[in-house]
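Structure, as structure tokens:
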There are 2 protein chains.
Amino acid sequence: MAIDHLDGRIIVLLAREPRIGVLEMSRRLGVARGTVQARLDRLLARGVIRGFGPEVDPAALGYPVTAFATLQIRQGQGAEVRAHLAGVPEVLELHTTTGTGDMLCRLVARSNADLQRVIDRVVAIDGIVRASTAIVMENPVPLRVIPLVEQAAQE
Amino acid sequence: MAIDHLDGRIIVLLAREPRIGVLEMSRRLGVARGTVQARLDRLLARGVIRGFGPEVDPAALGYPVTAFATLQIRQGQGAEVRAHLAGVPEVLELHTTTGTGDMLCRLVARSNADLQRVIDRVVAIDGIVRASTAIVMENPVPLRVIPLVEQAAQE
DNA sequence: GCATCCACTGGGCAATCTGTCCGGTGAGAC
DNA sequence: GTCTCACCGGACAGATTGCCCAGTGGATGC
């Protein structure tokens, strides 16, 4: 089994109030402190919780424009392209995918004009045959996991 | 200006060792504790740092398959579609975009077979005209912000 | 039936960190 | 020259952490 009900409640609680601390959690959940501590350790050890890194808002950093670029890669050039993209700070995320494109990456830029600079930099390598970009206008559902955790914990 | 050098070092330090605490940070950075505390408060107040939510790995939760779906929406049905997708736990993220598709969403599923169920649920609303899905195979660059922070802090 | 293992409870301990003050200093703005 | 602001270095009580312990209850295996 992935996680049980108590694990789920711990994660959800932690997601809602990250600064909460083990002691306060144990109070809210009505279990002993040692239990929460042990559960947390296990969740971290199993990799269910990867960490507690700060969530940084690129917009507040001066990068309010987000875009997704679909890239088509020349056969056998995958490794080079990956390394190249990993070196571009504005590439926040990169996936290799099935389908018409071969890679999908998330970009940020200082402005729509600046996005051109970023894309130029992204495609400045031979291995990329074609790139098509979609600019993000709104983000109705920001990255979230709570609903998934709740679903996973119910079983 | 967005963030200065010290802000950048604080964020990077926090990203690398999230459990670190203000006191230890002040030691590592060679500044007074009050300074780090004030900087952190400001970063949080300005929204540069949104929070410290736990990073949950969907794979460890039993959802090892990730996919991106591009959706075409019938004119004027945007709101309904958003609400519908927000109610699907496997939809981790939703963006409205320019370009051929109208929305882009990130999905997870228990297996490739299960992905079919998720997609069926996603498209189970009138407003979606067409959906095209790309399954993620690898994730050479997991979501990251450190390089961007470092770049933003240099100026 | 009985022993064993495991998770949880409830408690206690010292060490550490947090939140919050304070006065003093230096740099830049007016 | 004066003011404002950020930073420093230090202080304080209060709370939390990491760690330990013995006891309990359920599940498992013999």
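Proteins get letters first, then strands, A, B, ... in listed order; numbering begins at 1 in each.
A60(A) is linked by a side chain to side chain contact (heavy atoms under 4.5 Å, CB included) to D57(A), V48(B), counting only residues two or more places apart in sequence or in another chain.
Looking only at distances, no side-chain donor or acceptor of R33(A) sits under 3.5 Å from a matching main-chain atom of V22(A).
Side chains of R50(A) and V56(B) form no contact here, defined as non-hydrogen atoms less than 4.5 Å apart. Counting heavy atoms from C-beta outward, L104(B) and L71(B) have side chains that stay 4.5 Å or more apart. With contacts defined as side-chain heavy-atom distances shorter than 4.5 Å, the pair E55(A)/I49(B) does not qualify. With a 4.5 Å cut-off on side-chain heavy atoms, L148(B) and P58(A) count as touching.
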Inset, instruction - Go through the steps to decide whether E90(A) and Q151(B) satisfy the test side-chain contact (heavy atoms from CB on, under 4.5 Å), and finish with yes or no. - result: CA-CA 9 Å; E90(A) 287 91 351; Q151(B) 173 167 294; 2.9 Å; yes
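A salt bridge is absent between R117(B) and D120(B); no separation between the charged side-chain nitrogens and carboxylate oxygens falls under 4.0 Å. Look at E17(A) and R28(A) and you find a salt bridge, because one of the NZ, NE, NH1 or NH2 atoms lies within 4.0 Å of a carboxylate O, short of that distance. We find that D4(A) and R39(A) are joined by a salt bridge, their nearest charged nitrogen and carboxylate oxygen being less than 4.0 Å apart.
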Nucleotides 25-28 of chain C: which of its N/O atoms have a protein N/O under 3.5 Å away?
none

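Only V31(B), A32(B), R33(B), T35(B), listed by number, bring a heavy atom of residues 25-37 of chain B to less than 4.0 angstrom from any atom of DNA chain D. Residues from residues 12-23 of chain B lying near DNA chain C, meaning a heavy-atom separation below 4.0 Å, are G21(B), V22(B), L23(B) in numerical order.
Computed from coordinates, the D41(B) CG to dT18(C) C1' distance equals 12 Å when rounded to whole Å. In this entry the distance linking CZ of F52(B) with P of dT18(C) reads 12 Å, nearest Å. Note: CG (L40(A)) to P (dC19(D)) measures 14 Å, nearest angstrom.
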Would you tabulate the side-chain donor-acceptor contacts of residues 92-99 of chain B under 3.5 Å, counting partners in other chains and residues two or more places apart, or write 'none'?
residue: E93(B); atom: OE1; partner: R106(A); partner atom: NH2; Å: 3.1
residue: E93(B); atom: OE1; partner: R106(B); partner atom: NE; Å: 2.7
residue: E93(B); atom: OE1; partner: R106(B); partner atom: NH2; Å: 3.3
residue: E93(B); atom: OE2; partner: R106(A); partner atom: NH1; Å: 3.2
residue: E93(B); atom: OE2; partner: R106(A); partner atom: NH2; Å: 2.3
residue: E93(B); atom: OE2; partner: H95(B); partner atom: NE2; Å: 3.0
residue: H95(B); atom: ND1; partner: N139(A); partner atom: ND2; Å: 3.4
residue: T96(B); atom: OG1; partner: E138(A); partner atom: N; Å: 2.9
residue: T98(B); atom: OG1; partner: I135(A); partner atom: N; Å: 3.0

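The C1' atoms of five pairs define one axis at each end of the helix from dG1(C)-dC30(D) to dC30(C)-dG1(D), and these two axes lie 40° apart (to 10°).
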